[in-house]
Structures are given as C-alpha cells and as structure tokens.
Amino acid sequence: MHYQTASWGTYMTQTRMLMDDPLERIERLASENAVVIFSISTCCMCHAIKRLFCGMGVNPAVHELDEDPRGKELERALMRLLGTSNVVPVVFIGGKLIGTMDRVMACHINGSLVPLLKQAGALWL
C-alpha cells in the first residue's frame, strides 16, 4: 500500500504504522487520548457506552473497528487481551484497560468511574 506524502520520513512512518503488531497498535491508540473506545458502529452496546461518556461531558476517541482496514486484526488482538469473544466496546482510560461494557458500568455504579476520568484528565469538575 502506498501513500503520497511530502517526505520520505513521513512515508516510512505511515508504512511502519501499517505493519505494527495489533497489540502494539492498540496500546499506542489507547495512550493517545484520555478516554479511548474500541467500537463497532452498528453495536448497540457500543452506542450506549459512547452516550454514557458523552452524557458525562467526556469526549472519547472512538475507533470503529468495522471502519478500519485492519479492524479484524485489532478485534482478534482485543479478544486475546481480554480473554473473551465479546470484545466491544472496549474502554481504556488514561491508557489503562478498563474493560468491556459490564466493567465500565460497574465502575459507574460503584462511583469509581468519575475519579478515573478526573485522574486521566477527561473530566475537570
């Protein structure tokens, strides 16, 4: 796959990004924003988790696996990481894996979600 770029260095960076190990790519993407959600655009649970965060005033970075050319690789890597076949939505806060919908909702209900979001810099109030 080729990209037209202004410089060779940029081309090499983009080529390297395409060849990244899926787990390394997940780790990199998860650390780029305070809240990162790996999602599938047609998943109702993914929609619910995105609405939860938006309703709290959090602006998560959302990576739609079904819209990513390497989304299936990322999904398999998330399955290995979580040890389960139901992987979406997967939430990272502050670069740390929180988990899927059940874990996020448990944190929300027990009151530990807001402190995690504040610690990661996703909430200021």
Side-chain angles (χ1 to χ4, degrees):
M1 183 174 277
H2 284 15
Y3 285 95
Q4 288 291 81
T5 60
S7 72
W8 177 253
T10 305
Y11 172 79
M12 291 303 292
T13 300
Q14 289 176 345
T15 302
R16 196 186 111 251
M17 284 173 41
L18 288 174
M19 297 183 171
D20 277 349
D21 173 64
L23 285 173
E24 289 176 5
R25 185 169 178 221
I26 289 168
E27 185 178 329
R28 187 182 74 252
L29 291 171
S31 66
E32 289 177 350
N33 294 89
V35 178
V36 176
I37 301 172
F38 290 92
S39 171
I40 291 178
S41 60
T42 58
C43 169
C44 63
M45 292 299 167
C46 296
H47 178 75
I49 208 81
K50 291 181 270 189
R51 295 303 316 144
L52 171 70
F53 284 113
C54 289
M56 296 174 78
V58 173
N59 187 21
V62 178
H63 297 281
E64 301 289 2
L65 299 178
D66 58 328
E67 296 173 4
D68 186 314
R70 294 183 57 200
K72 285 291 182 194
E73 290 177 35
L74 294 176
E75 191 171 354
R76 284 190 295 273
L78 288 166
M79 283 182 200
R80 286 193 312 271
L81 187 64
L82 294 165
T84 181
S85 60
N86 287 341
V87 296
V88 291
V90 178
V91 176
F92 288 81
I93 298 176
K96 297 176 188 160
L97 174 64
I98 301 304
T100 57
M101 179 76 158
D102 57 343
R103 178 82 169 107
V104 173
M105 292 308 294
C107 289
H108 183 52
I109 291 166
N110 72 23
S112 63
L113 184 59
V114 170
L116 285 172
L117 293 168
K118 286 181 180 177
Q119 184 180 11
L123 279 179
W124 294 273
L125 301 174

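Computation of the quantities below employed the complete heavy-atom set of this structure, encompassing side-chain atoms and omitting hydrogens, waters and symmetry-equivalent molecules. Only a predicted model underlies this, so the values are computations on that prediction, with no experimental measurement involved.
Taking both residues in full, the closest heavy atoms of Ser39 and Val62 are given as CB-CG1, 4.0 Å, listed atom of the first, atom of the second, then distance. The two residues Ile93 and Ala120 make their nearest non-hydrogen contact at CG2-CB, 3.7 Å. The minimum heavy-atom distance linking Gly111 with Pro115 is given by the pair O-CD, 3.2 Å.
Under a 3.5 Å cut-off, the side chain of Asn33 and the backbone N or O of Val35 do not form any donor-acceptor pair.
Evaluation of the salt bridge (charged side-chain N to carboxylate O under 4.0 Å, His left out) test over residues 87-108, restricted to residues two or more places apart or in two chains, returns none. Sorted by first and then second residue, the salt bridge (charged side-chain N to carboxylate O under 4.0 Å, His left out) pairs involving residues 54-65 (not counting sequence neighbours) are Lys50-Glu64.
The hydrophobic cluster containing Leu82 does not contain Val91, counting ILVMFWY residues as joined when their side-chain heavy atoms lie under 4.5 angstrom apart, directly or transitively. Residue Val88 is grouped with residue Ile26 when hydrophobic side chains (ILVMFWY) are merged at heavy-atom distances under 4.5 angstrom, including chains of intermediate members. Hydrophobic clustering (ILVMFWY, side-chain heavy atoms < 4.5 Å, transitive): Val58 and Met45 are in one cluster. With hydrophobic clusters built from ILVMFWY side chains whose heavy atoms lie under 4.5 angstrom apart, Val36 shares a cluster with Val90. If you chain together hydrophobic residues whose side chains sit under 4.5 Å apart, Ile37 and Leu97 never meet in one group.
Heavy atoms from other residues, nucleotides or ligands lying under 6.0 Å from CE of Met101 number more than 12. Taking a 6.0 Å sphere around CG of Asn59, one finds it holds 12 or fewer heavy atoms contributed by other residues, nucleotides or ligands. Annotation for Glu67: atom CD counts as buried by contact number, over 12 foreign heavy atoms lying within 6.0 Å.
From Cys54, atom SG reaches atom CD1 of Ile49 across 11.0 Å, with rounding to the nearest 0.5 Å. In this structure, Leu117 CG and His108 NE2 are separated by 10.0 Å, a value rounded to the nearest 0.5 Å. For the atom pair CZ of Arg70 and CG of Leu65, the computed distance is 12.0 Å after rounding to the nearest 0.5 Å. A distance of 8.0 Å separates CG in Asn86 from OG1 in Thr100, rounded to the nearest 0.5 Å. Taken to the nearest 0.5 Å, the CZ atom of Arg25 stands 4.0 Å off from the CG atom of Asp68. Taking CG of Leu23 as the reference point, atom CG of Leu81 lies at 6.5 Å (rounded to 0.5 Å).
Two residues are said to be in side-chain contact when any heavy atoms from C-beta on lie closer than 4.5 Å; Pro22 and Leu74 meet this criterion. Contact check for Phe53 versus Leu113: side-chain heavy atoms found under the 4.5 Å cut-off.
The existence of a salt bridge linking Arg76 and Glu73 is excluded, since no basic side-chain nitrogen approaches an acidic carboxylate oxygen closer than 4.0 Å.
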